[in-house]
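Notes follow the structure.
All values reported here derive from a predicted model rather than from experimental measurement.
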Amino acid sequence: MTSGSPLQRLRTVLDDAVLNVTGGERPKSAPTLERPKQAAHGDYATNAAMLLPKIVGAAPPMIAERLSVALSEYLGDDLSSIETAGPGFLNLRLSDGWLAKALADVLAAGDAYGSGGAAAGGSGTESVHLEFVSNNPTGPVHIGGARGAAFGSSLSNLLVFHGHRVHREYYVNDHGNQVELFGQSLQARARGEEPPEEGYQGGYVADVAARIPDAATRPVEEVATEGIALMVAAQKASLEAFRTTFDQWFSENALHEPRGERVSEVQEAFDVLAEQGRTFEQEGALFLRTSDLGDDKDRVLVRSDGRATYFASDVAYHHAKRTRGYDRVINVLGADHHGYVARIEAAFEALGGDRDRIELLITQFVNLFDGGERVKMSKRAGEFVALDDLVDDIGVDAARWYLLARSHDTTIDLDLAEAREQSAENPVYYVQYAHARIRSILTRAEAGETTTANPGDGAVAPSERELSLALLAWPDEVAEAADRRAPHRIATYALSLARGYSAFYRDCPVLAAGLPDDVRARRLDVCRATATVLASALAILGVDAPERMDREDAVEA
RNA sequence: GCGCCCGUAGCUCAGCUGGAUAGAGCGUCGGUCUACGGAACCGAAGGUCAGAGGUUCGAAUCCUCUCGGGCGCGCCA
């Protein structure tokens, strides 16, 4: 709380000034300290004075004056100017000395700069159970699964960087009649026949069948089991190639099996629910009374013919998640599952869970285009675009970037023609290029090289200042992105940082012969800090931060 | 019919637990430069933030309604 980033320390000072002016009372909402949109409004602006009229009993401009006196005293030489503006904003400008000290702190933190903020933040660090993708094991990972994978893996990276502990899990739906249907489809293909009407029609089915010995003649259950195992292995490989790994692959089927002396997880969950008085029987079926807990209607756990529903598995799974003792359970679902949110939350609460400890995040659909033309996806005919196809087409970096650069709850229209363009038209390469360019300069600097570029006057240019201030915002960006489960903010930030670096690069030669040593050192520090932050941001997104990029890779001149 | 998500520049999207003149990428148009990596940079045009009310010092942001789009509403998984 006390040390922290340069910006945090500035906040603390602002806090002190507020308390000084109010005589110890805090405003209801914390004052902001933000980079204003317009450069004319200084390095940072605060709305503090506008939050205090009721407490202080004066108008905002008057309060702003008092705050400015306190801030001037506390900050001393670090402050170069302070002024009140508009309805009562305070605009501060920090000195070059303050900026230099701040940048030194950034460099001292090294690769860890911006990480670990959860410990100092409001909620503290948590152990998080994160379930994502959970594609059916009866086919390849499809485009929806790709978005879930990109989002889940990146969210996981982000939460870990922020200081939480994350357990990544994939729920394998290896139970129920789809498994049998898959087995029948495999066997049909093995016999050279068409799969059943409602079965799996995709071309991959025959490929999988061909890898199962005697698939045409063995019991269909065995064929199904082997087929599922092969599909899961294939999914795992696809996802790993997509830089998405899991700590555990959790079998739905296992929930239904007794565990040594103990009853099955499903039965145990039923028992818990019965004890809580949450279940009832009707017309021979067992229901969970989710309607008491915000769901539209009650849900069936066991059908009147005695078979458990898919929902029963889900209930048992969440019972298992709960009893495994995480602080928080996050479940990433595709948009077609949003109808389950209410019943899952209800079930979690019925099992004794705290509603505030479970989050169901919905990733919206991805529409694929190619040169403006819609790419058709028909799961039934097996013509859907698989994760592997996407990666083959546009590469892992571009695929992850395009799936992550937008908020998870907005539908994405992804144009493959644009995404596979390996040029500056493509933001992902722009950001990577900025990183590679900096690394190149740093390498040359270490070798003591100089260039013939015009050294200029060595002053802190506006673009150098802008870039430095952007770097100082990184810990806050991480905290906000993590708290809001919004990795796309990291992409937005990375792009703007890369642009900021371009401006700096244009105005501030680093290696120019004739540049004073201290200026060269200062600018190299800016380069180093930028490279570190860009690398951290790209790592969170699961996008490569290359040391160099070769021109020959470009598609066209 | 009910529920969830979305509606911001020509296109794709940021900004949304309220702040000062609404941003980026692409596209379009016009420029720059012996360039530390040209996969560069600069500039311009382009928006009644779907519409209407409300809340207040202040609304793209919060509330209500309307319109438009996507998805979901099984004793399927």
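A cation-pi arrangement is found for A:Arg374 relative to A:Phe369, the charged atom lying closer than 6.0 Å to the ring centre and inside a 45° cone about the ring normal.
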Inset, instruction - Would you give a per-nucleotide map of nucleotides 13-21 of chain B, 5' to 3', where B means the base has a protein non-hydrogen atom under 4.0 Å away, S means only the sugar-phosphate does, and - means neither? - result: SSSSB-BBB
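A heavy-atom distance below 4.0 Å to RNA chain B is reached by these residues of residues 281-303 of chain A, ordered by number: A:Gln282, A:Glu283, A:Ala285, A:Lys297, A:Val300, A:Arg303. Within residues 501-515 of chain A, the residues having any heavy atom under 4.0 Å from RNA chain B are, by residue number, A:Ser502, A:Tyr505, A:Arg506, A:Cys508, A:Pro509, A:Val510, A:Leu511.
Straight-line distance between the C1' atoms of B:rG46 and B:rC65: roughly 32 Å, to the nearest whole Å. Going from the P atom of B:rU61 to that of B:rU56 covers 16 Å, rounded to whole Å. With both ends at atom P, the span from B:rA50 to B:rG72 equals 25 Å, rounded to whole Å. A distance of about 26 Å separates the P atoms of B:rU17 and B:rC11, rounded to the whole Å. Atom name C1', nucleotides B:rG51 and B:rC57: the rounded distance is 26 Å, in whole Å. Only the P atoms considered, B:rG47 is 14 Å distant from B:rG23, to the nearest whole Å. B:rU55 and B:rA60 have their P atoms separated by 16 Å, given to the nearest Å. Nucleotides B:rG58 and B:rA20 are separated by 10 Å at their C1' atoms, to the nearest Å.
Rounded to the nearest 0.5 Å, atoms CG (A:Leu333) and CG (A:Leu360) are 5.5 Å apart. Atom CZ of A:Arg400 and atom CD1 of A:Ile394 lie 12.0 Å apart (nearest 0.5 Å).
Using a 4.0 Å heavy-atom cutoff across all strands shown, A:Ile441 reaches at least one base atom of the nucleic acid. Across all strands, A:Asn177 comes closer than 4.0 Å only to sugar-phosphate atoms, never to a base (heavy-atom distances). As judged by a 4.0 angstrom heavy-atom cut-off over every strand, A:Glu418 is placed among residues making no nucleic acid contact.
In this view, A:Phe365 satisfies the ring-ring contact (aromatic ring centres under 6.0 Å, His included) rule with no residue, not counting sequence neighbours. With sequence neighbours excluded, the residues satisfying side chain to side chain donor-acceptor pair (under 3.5 Å) with A:Thr138 are A:Tyr200. With sequence neighbours excluded, the residues forming a ring-ring contact (aromatic ring centres under 6.0 Å, His included) with A:Phe287 are A:Phe280, listed by chain and number. By the salt bridge (charged side-chain N to carboxylate O under 4.0 Å, His left out) test, A:Glu265 is found to be paired with A:Arg259, residues two or more places apart in sequence or in another chain being considered. Not a single salt bridge (charged side-chain N to carboxylate O under 4.0 Å, His left out) links A:Arg66 to another residue, sequence neighbours left out. Residues satisfying the salt bridge (charged side-chain N to carboxylate O under 4.0 Å, His left out) criterion with A:Glu359, sequence neighbours excluded, are A:Arg328, A:Arg485.
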Which atom pairs, one a donor and one an acceptor, fall under 3.5 Å between side chains of residues 445-461 of chain A and the rest of the protein, sequence neighbours left out?
| from | atom 1 | to | atom 2 | distance (Å) |
| --- | --- | --- | --- | --- |
| A:Glu449 | OE1 | A:Arg444 | NE | 2.7 |
| A:Glu449 | OE1 | A:Arg444 | NH2 | 3.0 |
| A:Thr451 | OG1 | A:Ala453 | N | 3.4 |
| A:Asn454 | OD1 | A:Gly456 | N | 3.0 |
| A:Asp457 | OD1 | A:Ala459 | N | 3.0 |

Extract all donor-acceptor atom pairs below 3.5 Å that involve side chains of residues 486-496 of chain A and protein atoms in other chains or at least two apart in sequence.
| from | atom 1 | to | atom 2 | distance (Å) |
| --- | --- | --- | --- | --- |
| A:Thr492 | OG1 | A:His488 | O | 3.2 |
| A:Tyr493 | OH | A:Ala470 | O | 2.7 |
| A:Ser496 | OG | A:Tyr493 | O | 3.0 |

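Aromatic rings from A:Phe504 and A:Tyr501 are positioned such that their centres are separated by under 6.0 Å. In this structure, A:Tyr171 has its ring center closer than 6.0 angstrom to the ring center of A:Tyr317.
The pair A:Asp43-A:Arg465 meets the salt-bridge criterion, since a charged nitrogen lies less than 4.0 angstrom from a carboxylate oxygen.
Across the protein-nucleic acid pair, A:His337 atom NE2 and B:rC5 atom P stand 18 Å apart, rounded to whole Å. Atom C1' of nucleotide B:rC75 and atom OH of A:Tyr310 are separated by 16 Å, given to the nearest angstrom.
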Inset, instruction - Let me have RNA chain B in dot-bracket notation, would you? Count Watson-Crick plus G-U wobble pairs, both distances under 3.5 Å, and use [ ] for pairs crossing earlier ones and | for inter-strand partners. - result: (((((((..((((.....[...)))).(((((.......))))).....(((((..]....))))))))))))....
